[in-house]
Number of protein chains: 2
Amino acid sequence: MCSINHMEPIPQAPTGATGPEAASPATAIQGATSQQATAPATNSPETAVPETAVRETTGAAATRPAAARPAAARPGGRTARTRERVLDAVASLLLEGGFDALTVDAVAARSGVHRTTVYRRWRDTGALLAASFDAAREQPWQPPDTGSLLGDLTEINRQIVAALTEEPSITRALITASFRSPAAADALRGFWSDRFTTAAVVVERAAPGADARTVLIASCAPIFYELALMRSPATDDLAERYARVGAAAVT
Amino acid sequence: MCSINHMEPIPQAPTGATGPEAASPATAIQGATSQQATAPATNSPETAVPETAVRETTGAAATRPAAARPAAARPGGRTARTRERVLDAVASLLLEGGFDALTVDAVAARSGVHRTTVYRRWRDTGALLAASFDAAREQPWQPPDTGSLLGDLTEINRQIVAALTEEPSITRALITASFRSPAAADALRGFWSDRFTTAAVVVERAAPGADARTVLIASCAPIFYELALMRSPATDDLAERYARVGAAAVT
């Protein structure tokens, strides 16, 4: 949801390709910022490799191109492919060296896209970060439907916990970047606002008339507070504990 | 509470002093990181000028030395005065230029304390930030006692809202710094953990046996989420809305 997450299936296992042309670092941000509960049917479950698995396999995590992706899986032609390569480079640079590593020149070098193209389309680091969030917003995300509000809120919280505690965490990297770039901060807010709007259904079907946003924030904000702001270690019961708080907030 | 706040009374209005010797920038972090509900009796209410008022008067906010303070108001002798000057410099540099402006050399120059002294005692930026949080923890803070749990939680949240929305906000500056410095992140966690321990009384007296920390985080975390992480604008009802969530979490 709520999660800038890692569950996008990608069509094939790593090939060890390292050249920028072959690179599709698992569209790290795009996958990282959305649950692919409604993943395209073209990826059969048998062949789908979760991005995290790729990261584990490649060792150096998302800092390395992960897998060649069939050109057919990239809709939109050349412009879309350029964007995907650039955003993959943004994600891998962020994970590798944080905000300081994220320059337009570094993105051009990493992506293999000409720097004048990068400058023309994205101008600066803030615009690149904003584009990453926009790409994440475009990814479909399906709120959970476990049969109870508590179950749904717990599942959403679990997704957030997973996104904030995976190593490396693009979610944490993007939150950190939002403290350096006003454009990234705006884009972060937009992304989560969008996700909360989509997630409102879990509250509305359980408690029509309740203030869905308040309930969702009551449930999710403590997770962000503990893991992103305070950097406390995650405990097993964290997701459910504050889901209960959220569920209690509807009454 | 919960607040890295601004309500420390200081004894006199700005004098326009600009030299480092005369400077006591309202002990910006120390004042900023604690409510002075139990302010020293030596500062009579008549002469006390809230730091925010000083900031408004001086225009350039806490980036300028605010007021000369009688030497008698500084307990602890030369070492303590050096520390205070250094931490004042840390606060004003942070507010002025953010984390990037915070170097040991800049702190030495701003504070008028010799750089070898600063290096010897604090070593690096992380240690300076940690010392700032430690100083804040030493400041007395009294949890509110309004007669009801909802009232107390609302008051705590109002203090957090005030700390996160004042301009400039040392609280926001320190949170931002915690994303650049692991030492600052540790110190931030320690500071808030301490405050939550102190604040537990508001839950315990209203609902003995309740999980005080969960209730406090349920109440406070959404404020941090909205104002510090998402940088949403503060709404009038924000403090009370999530205080209600916290109060509902005891049942």
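A quick note: this is a predicted structure, and the numbers were derived from the prediction, not measured. Letters A, B, ... mirror the listed sequences (proteins, then strands); counts begin at 1.
- Other residues, nucleotides and ligands contribute over 12 non-hydrogen atoms within 6.0 Å of the CG atom of A:D105.
- By the 4.0 Å N-to-carboxylate-O rule, B:E226 lies close enough to A:R213 to be salt-bridged with it.
- Shortest non-hydrogen contact noted between A:P222 and B:A221 is CA-CB, 3.6 Å.
- At most 12 non-hydrogen atoms from other residues, nucleotides or ligands lie less than 6.0 angstrom from CG of B:D236.
- Only the side chain of A:R180 has a heavy atom closer than 4.5 Å to any heavy atom of chain B.
- Atom CG of B:L229 sits about 5.5 Å away from atom CD1 of A:I175, to the nearest 0.5 Å.
- Taking the six-membered ring for Trp and thresholds of 30 and 60 degrees, B:Y225 and A:F224 have ring planes inclined between 30 and 60 degrees apart.
- Residue B:S232 touches chain A through both its backbone and its side chain, counting heavy-atom pairs closer than 4.5 Å.
- Residue A:S193 does not touch chain B at all, counting heavy-atom pairs closer than 4.5 Å.
- The CD1 atom of B:I217 lies 9.0 Å from the CG atom of A:L238; values are rounded to the nearest 0.5 Å.
- Separating the CG atom in A:D186 from the CE atom in B:M230 is a distance of 12.0 Å, to the nearest 0.5 Å.
- In this structure, B:R231 is positioned above the aromatic face of A:F179, its NZ or CZ under 6.0 Å from the six-membered ring centre and within 45° of the axis.
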